[in-house]
Amino acid sequence: MTISIVLADDHVMVRQGLRVLIEAEKDLSVVGEAEDGLETLKLVERLKPNVLVLDVMMPGLNGLEALAIIRQRIPDTQVVILSMYPNEAFVVEALKQGALGYVLKCCKSIHLLKAIREAASGRRHLSPPMSEHSIEVYLEKAKSATMDPHDTLTPREREVLQLTAEGHSQPEIAKRLHISPRTVEMHRKNLMRKLGLRNQADLIRYAIDRRLLPDQK
Amino acid sequence: MTTILIIDDEADVRAMWAIALRAAGHRTMEASDGAEGLHYARTKHPDLVISDLLMPTMGGVEFVRQLRADPSTANIPVILMTGIFQEEEGRRLAEACGVHHLLSKPCRVDKIIDVVDTVLSTPACRTALAENLDHEHLKLLNNTLVAKIRELEMVNQRIEQQVAELERTAQALRDNDRVLRHFTAIVACSDDAIISKKLDGTILSWNPAAERIYGYSAAEVIGHSINLLAPLDGVGEFQNVLKRLGNGEPLNHFETVHSRKDGRLVHVSFTISPIQNAVGQLIAACTIARDITEDKQAEWMMRDQARVLDLIFEHSLDCIVLLDKDYNFIRVNQAYAKACGRAASEFPGHNHFELYPSPLKEEFDEAIRHRVAFSRTARPFTFPDHPEWGVTYWDLSMVSIRNENDDIELLLFTLRDVTERQRTEDKLRASESRFRVLVEQATDAIFLHGPEGLILDANPRACESLGYTRDELIGMSIAAIDPVVNRDTLQRIGDQLNAGQQVALDTTHQRKDGSTFPVEVRINPFHYDGRRVALSVVRDITERKRTDQALVESRNRLESLSRQLITTQETERKDLARELHDEIGQSLTAMRILCETGACPRGPQVLDLVTELMERVRNLSFDLRPPMLDPLGLLPAMLWNFERYSKATGIHVVFQHSGVEKRFSSELEIAVYRIVQEALTNVARHAGVTEATVQLWADADTLGIQATDQGKGFVPDAVMAEGRTGGLTGILERVELLGGEIEIESSPGQGTFITVQFPLAMDSENEEGKQ
C-alpha cells in the first residue's frame, strides 16, 4: 500500500529536494505540494493524504496554526513537522496540536522517511536530538513551579517587611538600615506589589501567616 | 342671788369679769358704754354696777351722774374701775359721785370679788350726789391737764436744747468749711506738691502742683501706692519714711529723687507731717514736696562757673579759638592746637591770618561789619594736608563779642570736624547713584508698591514692558496689570508680606494695549520712611516659557524616537532572522537534501559542511530573535535562552516562574526577553559567579522579572551618576517605554538584584485585541 503525501514548504528548492528524496521510496508517493499555510489547508482538504509533511515556519498561516486546523478538520491525515529548530518547545507544541512526527531539517533523511512511515501507521517519531526523554525533561522545566512570591523578596525587602510588621515607623526603619525614608518607602511599595498586598493590614496579616513576628518564632 | 351689771367698752374685760363673778355665784349683765348701762340699770334694776371710767359715748362719771339723778336707780351701788387716775384723785372723784369703791386696772379677780362682797353686804344707803362732783371732776381733769402741760414743757425744753446744739454744730461746720476752702485754695495754688496718704502709702489727695511736678493727674494716682513715685531702685523709701513718722521722728526738708510719669527723674525736697485724728492717733501723712531740679543745676553751675567754663573750653571736641578784633590769637583750646599740629601755647602773639592766610578773612570782616554771626556748614571748609589725618572737612563759625561800649572785645571762632559726616554723605551719594543706576538700568521691571498693591514707583523697564508712562503707573493697582490674580491670591500675598516673608509667583501681566505676557514675580517686603512697602521684581518669562515648551517637545520627540528605535531594531532583527532562516537556511536545507539523495556528485563530502553551515545560520537567526517567541511565547523563549546562555558562559541559571505560560503583548514579551538577556549578559561580564537566578511572575495586573546573582555587586547610584550604565541602559529604556518600574539593589560584595515590574492592565486589552 502506498502512503500518499502532501509536502508543505514555502521554499521551492526544499520541496523539490524532499520530492526527490521521497519519490525514491516505493511505498511513498507525493500527491501534492503547497507553499503556504492556506494553500496547504485547501490541498489537504481536497486530497486527504495519509501524511502531510509540514514546515513549521511558513508565511500566511504558520505551520503550527495550520496543523491545529488540519488535525481538527481532517483527522485521518497524519502530520510530520519539518523544522529547523531542535527545540523541545516546538516539539511539545507540535505534538500537542496532533502531529506524530517532528524532524529536523538538518538531520539525516532516513529520519524523515521513518517519521512518515511511522505517522502513516499512527505512531510517533522524533528525529535526534529530540527524544521522548528530552521532551519529558523540557516539560519538567517548563512546568509552572508554584513559585512562592516570598522567594522574590530581596534581602532589603525582607528587612523592611520584617521591621514594618514589627511596627517600626518608616523613619525608624530608615535610620536602622542606614537608608533614606524614600528608599524604605520604595522597598515597601515593591514588596507589597510582589506579595500582592494592598495595605498595612494585609502586610501584618501576611507576616502573621508567615510567622515572621518575633513572638511567633 | 344678786345681779351685777358690768360696763366696759372692751368685750374681753367684760367677759373676764363676768366669768369671775358668775363663779362667785352672781348673775351678770354686760353693757359696752354708759348709755347702754343706764338703759339696763333702768330696765333690769341690777344689784350692783361695775363700770369703767373712760368709755366712748358716755363715760363712767356721766353714767353715775345720770344713775343718781334718776330716783329709780339712784340707790344702785357702783364700783368704778380705772387705769388712769392716781388713787387719791380717783378716790375723791369716786366719793364725789357717791361711789365708795374705785379699783385700779388691772386688778386681781379675788380683789374684785372682795370689793363686790363688801359693797353688797353694806346696807343700802341713799347716796346722794355730792355737790362738789363737778368741781372734783373738773379739778381732776385740771390736775391731769397741768401734769400734761408740765410734761410737754419739759419735752419742749429738751427740743430747744437740741436745736441750739445743732445750730452750734452747723456754725462750727460752716466755720470749718470756710477754713477748709481756704486751705483747699492754698493747697491748690501751692507751688509745692501736697500729697496726703494713708499709712500704708495709698494716696488720698493730690494737688495740681503734684500733677505738674510728677506728671500724673489726680485721677491716675488717688487710690494707688505712693511707691509710684519712687525711682526703680528706691521702692520702699516711702514705707521707710512712714515707719519713721510712726516712730515720731522729725521729717523736715530732706532731699531725694523721685520718678516722674514720663520716667524722668526729679529732684525734690520734702517734708512729711503726721495727720492725727481727734484722739491724737496717727492716721495719715501729708507730704509736701518741692521740685528743686533747677535749683540743683543752678547750685552746681554757681559753684564754680569759671572752672566749668574752662573745662568746657579745654575738653570740647570742637576747636575753639579766641581772637582779638584784629584776629590775633588770645587763646586756643587743645582740639584746635592738635588740628593745627602745634602746642596751644604757641598761638598767643600770632595773627591768625598771618599764620593761616585765607580768603575767609574777607568773609569774617564782612560779617563783623554787618554785626552778624558767621557760619558755614553747607559747604564745609577743607583742610587739605594734615600730616596725620589727610584731607579733613570742617564746619566753622565766628561771632564777635562786644562790650558795653559796643567795641569788639573778642572774636569767638569755632571749628567742628565733620569729616566723618562728609565721607558718609559722599559714600551715601555714591551708593545711591549706584543703586539708582541699577534700578534704572535693570532688565527686570521693578515696582515699589504698598502692601495693598498700590504702585508707588516703577523703573523705566517696567514702563517699557507694560506700555505705560511712569506717571500713569504711579497710583495704579497691581491688580490692574495682573488680570489673572484673584482676590484670594492677593490676600495670601498680603498676609505673607505682612509676616515679612518673600513671595514668589508666576503670573501674567497685561500691557496697556491689552496684550499679555507670562511673568515671574518676586516680592520683598520692607520698611521705607516708616511705611510698610513692597518691592516687586518682575521678569518677562515669555522666552523661558518658550524654551520650556521646546524642551518638553524635544523630550517627547526623543522619547518617541527612542521607542521607534527599539521597535525598528526589533523589526530589523526579526526580518534578518527570517531572511537567514527562510532564504539561506532553506537553501541550505535543499542543498543538504540534494547532497544526500546523490543528485550532487560530491554530495557526501559537502554534506558535513552544509550541516555545519545550517547550524551556524540557525544560531545567527536565533540570536537575532528567538523563533519561538512569536508562535510559542515567553516561556519557551526563556528556557531556550537559558540553555544557550549556560552553554556559552558556564553559568547555571536557576529559573523560577509562575503565571507566565499565558501570552502577553509582543512588545512586552520581547521587552521582558531582552531585559533578562541584558541582565544575564551583565552577570556573565561583571558578577564573577557560576549561578544566577531568574524569577518571572505574573498575576492579573503585574508582570514581574527579577534577576539575581550573589556576585561582586556595585553601587547603583555611583554607576548611574557616572553614566557607566553599560547593559543597564537598554533595560532602563525598555522599562521606561512600557511604563514599568525598575529597582536595582546592589552593593559591593553583596550581589545584585534587578527587579522590574510592568503594569498589565493595558496589556491585557492589547492581548484581547490580538485574539
Side-chain angles (χ1 to χ4, degrees), chain A residues 9-24 55-59 62-65 82-90 92-93 104-110 112 138 141-149 151-157 183 186-187 189-191 193-194 196, chain B residues 578 581-583 585-599 607 610-612 614-615 617-618 621-622 626-628 630-633 635-640 642-643 655-661 693 695-697 699-702 704 706 708 741 743 745 750-751 753 755 757:
Chain A
D9 194 309
D10 58 327
H11 212 281
V12 66
M13 272 173 68
V14 175
R15 291 202 304 274
Q16 277 176 3
L18 291 174
R19 185 180 269 272
V20 171
L21 193 74
I22 293 166
E23 296 278 272
D55 185 7
V56 81
M57 287 292 177
M58 277 195 300
N62 82 39
L64 290 171
E65 286 164 333
L82 203 55
S83 167
M84 287 271 280
Y85 314 120
N87 182 286
E88 284 80 6
F90 278 110
V92 168
E93 186 62 22
L104 287 177
K105 286 183 175 177
C106 59
C107 72
K108 288 185 177 142
S109 53
I110 51 158
L112 175 63
Y138 171 81
K141 270 200 280 185
K143 200 159 77 187
S144 177
T146 43
M147 189 182 74
D148 185 349
D151 294 338
T152 67
L153 298 186
T154 66
R156 269 284 187 252
E157 286 165 353
T183 311
M186 185 192 73
H187 284 311
K189 214 175 80 189
N190 279 329
L191 75 90
R193 192 155 49 192
K194 281 180 180 175
Chain B
R578 186 179 290 280
H581 173 268
D582 286 3
E583 302 305 322
Q586 302 298 51
S587 299
L588 286 170
T589 306
M591 216 166 133
R592 193 184 179 289
I593 295 165
L594 290 176
C595 288
E596 232 183 342
T597 54
L607 194 59
V610 171
T611 307
E612 195 191 315
M614 281 178 78
E615 204 170 317
V617 167
R618 197 181 60 210
S621 157
F622 277 20
M628 57 289 281
D630 290 316
L632 300 180
L635 191 54
M638 284 290 196
L639 288 167
W640 173 81
F642 297 147
E643 201 177 307
F655 181 47
Q656 298 174 327
H657 60 94
S658 98
V660 290
E661 296 88 348
T693 303
Q695 291 162 315
L696 201 57
W697 65 92
D699 54 24
D701 42 41
T702 311
Q706 185 158 290
T708 311
E741 282 184 44
E743 184 200 345
E745 192 177 315
Q750 298 295 312
F753 290 80
T755 311
Q757 301 192 72

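Every value quoted in this text rests on a predicted model; they were computed, and no experiment measured them. Every chain is numbered from 1, with letters handed out A, B, ... down the list of sequences.
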Can you tell me which portion of [X] sits under 4.5 Å from chain A's heavy atoms? Options are side chain, backbone, both or neither.
| X | value |
| --- | --- |
| B/Ser587 | both |
| B/Glu643 | side chain |
| B/Phe642 | neither |
| B/Leu588 | neither |

With chain B as the partner, which of A/Pro149, A/Ser109, A/Ala89 has the greatest number of non-hydrogen pairs under 4.5 Å? A/Ser109

Between A/Gly63, A/Gly196, A/Gly17, which shows the greatest number of heavy-atom pairs under 4.5 Å with chain B? A/Gly17

Structural part of [X] lying under 4.5 Å from a heavy atom of chain B:
| X | answer |
| --- | --- |
| A/Leu64 | side chain |
| A/Asn190 | both |
| A/Asp151 | both |
| A/Leu112 | neither |
| A/Arg15 | neither |
| A/Pro155 | both |

Which atom pair, heavy atoms only, marks the closest approach of A/Thr152 to B/Gln706? O-NE2, 2.6 Å

Ignoring hydrogens, what is the shortest heavy-atom contact between A/Asp9 and A/His11? Give both atom names and the distance. OD1-N, 2.8 Å

Measuring from atom CH2 of B/Trp640 to atom OH of A/Tyr85, what distance do you get when rounded to the nearest 0.5 angstrom? 10.0 Å

Measuring from atom CZ of B/Arg592 to atom NZ of A/Lys108, what distance do you get when rounded to the nearest 0.5 angstrom? 8.0 Å

Is it the case that the side chain of B/Ser621 and the backbone of B/Val617 share a donor-acceptor pair, with hydrogens and angles ignored and the cut-off at 3.5 Å? no

Best-contacting candidate, B/Met638, B/Glu745, B/Met614, against chain A by heavy atom pairs under 4.5 angstrom: B/Glu745

No-hydrogen, no-angle side-chain donor-acceptor test under 3.5 Å, B/Glu741 and B/Gln757: no

Heavy-atom side-chain contact between [X] and [Y] under 4.5 Å:
| X | Y | result |
| --- | --- | --- |
| A/Arg193 | B/Thr755 | no |
| A/Leu104 | A/Met84 | no |
| B/Pro636 | A/Tyr138 | yes |

